[in-house]
Amino acid sequence: EEDDDEDEVHVVEAIVACKELRGELHYMVKWAGWGREHDSWEPVSTLSEDVPEQIADYHRRTAKHSGAKRASNIEEYNSRRGGGLGGWR
C-alpha cells in the first residue's frame with residue numbers, strides 16, 4: 001500500500017521563528033510529536049487559516065524584540081538544530 005504524505009494532517013505545536021522570503025512571511029513550525037530536526041519553514045499562506053492562535057502567540061512573545069534581535073534568534077535557532085538558513089523545506 002502506498003503512503004500518501006499529502007493526505008496526512010500534521011499538528012502545529014508552536015511557531016518558533018519568522019522570516020520574510022520573496023515578499024511573503026514564512027514561519028518556522030515545530031510539529032507536534034516530531035523532533036526539532038523535522039521543524040520546517042512554512043509560508044503564512046498555508047498556515048494563517050489553520051493556526052492563528054500559534055501565530056498570534058509567537059508575535060506576542062517576540063513583540064519586544066527589534067527586527068535585528070528576531071533575525072539573531074532565527075540564526076541561533078538554526079544553529080542549535082544543526083541547519084542553516086539555506087536548509088528550508
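Along the sequence shown, the residues carry numbers beginning at 1. Quick note: numbers below take in every heavy atom, side chains included, and nothing from hydrogens, waters or symmetry partners.
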Student: Enter the distance from Gln54:CD to Leu47:CG here, rounded to the nearest 0.5 Å.
Tutor: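 Answer rounded to 0.5 Å: 9.0 Å.
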
Student: Distance check, rounded to the nearest 0.5 Å: His10 atom NE2 versus Trp34 atom CH2?
Tutor: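 With rounding to 0.5 Å, NE2 (His10) is 6.5 Å from CH2 (Trp34).
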
Student: Please round to the nearest 0.5 Å and tell me the distance separating atom CD of Glu13 and atom NZ of Lys30.
Tutor: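 The distance works out to 4.5 Å.
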
Student: Where is the tightest heavy-atom contact between Trp31 and Ser40, given as atom of each residue plus distance?
Tutor: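 Here Trp31 and Ser40 meet closest at NE1-OG, 3.0 Å.
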
Student: Testing the basics here: between Glu24 and Ser45, what is the closest heavy-atom pair and its distance to 0.1 Å?
Tutor: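 Reported closest heavy-atom pair: OE2-OG, 2.8 Å.
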
Student: Let me confirm one number: the CD-CD1 distance from Glu53 to Ile55, rounded to the nearest 0.5 Å.
Tutor: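 Nearest 0.5 Å value for the CD-CD1 distance: 11.0 Å.
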
Student: Which atom pair, heavy atoms only, marks the closest approach of Ile15 to Arg61?
Tutor: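 Minimum heavy-atom contact is O-NH2, 2.6 Å.
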
Student: Looking at OH of Tyr27 and CH2 of Trp41, how far apart are the two atoms once the value is rounded to the nearest 0.5 Å?
Tutor: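 So the OH of Tyr27 and the CH2 of Trp41 are separated by 10.5 Å.
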
Student: Looking only at heavy atoms, which two atoms of Cys18 and His59 are closest? And how far apart?
Tutor: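 Looking at all heavy atoms of both residues, the shortest contact is SG-CE1, 4.4 Å.
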
